[in-house]
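We count ligands from 1, going down the list as the structure has it; atoms in each ligand are counted the same way.
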Amino acid sequence: MGLKAQVSDGDGLSERDFDVVARLLNQLAGIELKPEKRAMIAARISKRTRALGLQSLSEYCAYVASPQGETEHGAFISVLTTNMTRFNREPKHFEHLREHILPNLRRKAERGERVRIWSAGCSSGEEAYDLAFAALGVCPKCPELDFKILATDIDRNILSIAQHGVYDAQAVTGLPENIRGAFFQPTGHSNGELSVAPAARKLISFGHLNLHSDWPFKGKFDVIMCRNVTIYFDAATQQRLWKRFAQALVPDGLLYIGHSENVSPELLGHLKPIAPSIYQSRGATGASGTATQQEGKT
Ligand SMILES: C[S@@+](CC[C@H](N)C(=O)[O-])C[C@H]1O[C@@H](n2cnc3c(N)ncnc32)[C@H](O)[C@@H]1O
């Protein structure tokens with residue numbers, strides 16, 4: 001029997017090794033692993049244990065937590081993050097954007113000003129493309145204007161799927177027919193996969209970013225969408241992140257969060273709730289801003 005066959009998904013993860021994994025993942029990505037997820041964690045890290053030709057989960061845990069294991073951190077994060085997403089998830093957010101926000105952003109871009117939208121924790125790209133479809137629907141000329149969408153994730157493997165922009169036919173069934181017709185084209189492969197249209201791709205820059213590291217942006221954002229990402233963080237980490245988002249928004253900029261997430265009452269001085277799971281930045285001075293104070297490049 002070869003080494004690969006020796007580690008099966010059913011192998012247990014000791015409490016001690018679970019602690020090693022949980023501490024490291026928290027340190028690297030801010031993610032909190034619940035002890036009841038131990039079997040799932042074991043199954044996920046078995047894949048990496050086999051891929052590296054190691055003999056046990058315990059050996060993998062010791063390796064990934066050692067200085068030599070640093071090169072494994074990307075793959076470790078990738079197997080342990082939850083990337084579940086879909087097109088048109090929480091569609092009320094996109095309706096809100098189309099009706100209340102994008103018409104103003106269109107005017108702003110048409111005046112020659114800069115417009116920036118950020119999908120933070122974009123997973124395989126569906127959310128970022130949904131933002132592009134909404135933007136192009138309201139402002140078909142935005143690719144010619146200073147109008148950009150940034151989409152970031154900590155998981156480089158999932159980002160390469162996002163960048164590729166190819167989805168199977170089943171994945172787009174949640175989108176309205178007019179969007180499917182306008183923004184997807186068959187790749188020509190017999191399996192029916194579809195590719196996102198160039199106009200939507202061109203609006204988006206995908207990039208690797210750990211939300212717990214420093215952010216390299218000089219300018220501020222008009223809209224930040226960070227949904228179903230902080231549910232994996234502890235409460236203090238979540239609140240720190242909401243505050244950083246508030247500071248990264250232009251005055252009156254919008255923060256969209258997942259419906260199961262919430263901003264604590266202490267932060268309501270920075271973020272004003274304007275609809276379920278939608279917040280508006282009050283800005284540093286609380287003044288009504290026009291986003292003209294932005295500088296630099298994103
Ligand atoms: C469940 S998906 C949500 C995707 C999308 N926002 C949505 O709502 O459908 C969560 C994503 O957050 C990413 N993520 C987790 N921790 C992160 C961190 N510290 N920095 C950046 N992204 C992170 C994961 O890699 C994953 O792709």
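Here is the list of ligand 1 atoms found below 4.0 Å of a heavy atom in His212: 19 (N). For ligand 1, the atoms sitting less than 4.0 Å from at least one non-hydrogen atom of Asn228 are 1 (C), 2 (S), 3 (C), 7 (C), 8 (O), 10 (C), numbered in the order shown with element in parentheses. For ligand 1 and Ser123, the ligand atoms under 4.0 Å from any heavy atom of the residue are 4 (C), 27 (O). The contact set between ligand 1 and Leu209, taken as ligand atoms under 4.0 Å from a residue heavy atom, comprises 20 (N), 21 (C). The atoms of ligand 1 that sit less than 4.0 Å from any heavy atom of Leu211 are 18 (C), 19 (N), 20 (N), 21 (C). Under a 4.0 Å criterion applied to the non-hydrogen atoms of Thr82, ligand 1 contributes the atoms 1 (C), 2 (S), 10 (C), 11 (C), 26 (C). In the vicinity of Thr85, heavy-atom distances shorter than 4.0 Å reach the ligand 1 atoms 4 (C), 5 (C), 7 (C), 9 (O).
Considering each of Leu25, Ile31, Asp130, the one bringing a non-hydrogen atom nearest atom 16 (N) of ligand 1 is Ile31. Compare Asp153, Asn83, Asn88 by their heavy atoms: the one nearest to atom 11 (C) of ligand 1 is in Asp153. Nearest-heavy-atom check against atom 5 (C) of ligand 1 across Gly30, Gly121, Cys122 picks out Gly121.
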- Task: Evaluate side-chain contact (heavy atoms from CB on, under 4.5 Å) for Leu203 paired with Lys148, printing each intermediate quantity in order.
- Result: CA-CA 5 Å; Leu203 271 191; Lys148 293 195 174 69; over 6 Å; no
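In the displayed structure, His189 atom NE2 is contacted under 6.0 Å by at most 12 heavy atoms of other residues, nucleotides or ligands. The environment of Gln170 atom CD is sparse: at most 12 non-hydrogen atoms of other residues, nucleotides or ligands sit within 6.0 angstrom. For His100, the NE2 atom counts as densely surrounded, since its 6.0 Å shell holds more than 12 non-hydrogen atoms of other residues, nucleotides or ligands. Other residues, nucleotides and ligands contribute at most 12 non-hydrogen atoms within 6.0 Å of the CG atom of Asp214. Environment of CD in Glu15: sparse, with no more than 12 heavy atoms of neighbouring residues, nucleotides or ligands closer than 6.0 Å. In Glu70, the CD atom is not crowded: 12 or fewer heavy atoms of neighbouring residues, nucleotides or ligands sit closer than 6.0 Å.
Considering backbone and side-chain atoms together, Asp155 places no N or O closer than 3.5 Å to any N or O of ligand 1. Close N/O approach between Tyr232 and ligand 1 is not found [any backbone or side-chain N/O within under 3.5 Å]. Geometrically, ligand 1 and Asn210 share a nitrogen or oxygen pair separated by less than 3.5 Å.
With ring centers used as reference points, Phe184 lies under 6.0 Å from Phe87. In summary, the aromatic rings of Phe76 and Tyr63 are positioned with their centroids too far apart to meet the 6.0 Å limit.
Paired with Phe245 under the rule ring-ring contact (aromatic ring centres under 6.0 Å, His included), one option of Trp118, Tyr279, Phe221 passes, and it is Trp118.
Residue contacts with ligand 1, taken as heavy atom pairs separated by less than 4.0 Å, involve Glu127 solely via side-chain atoms from C-beta onward.
Nearest to atom 7 (C) of ligand 1 among the protein's heavy atoms is Arg89 NH1, 3.2 Å. Summary of contacts: the protein heavy atom closest to atom 17 (C) of ligand 1 is Ile154 CG2, 3.6 Å.
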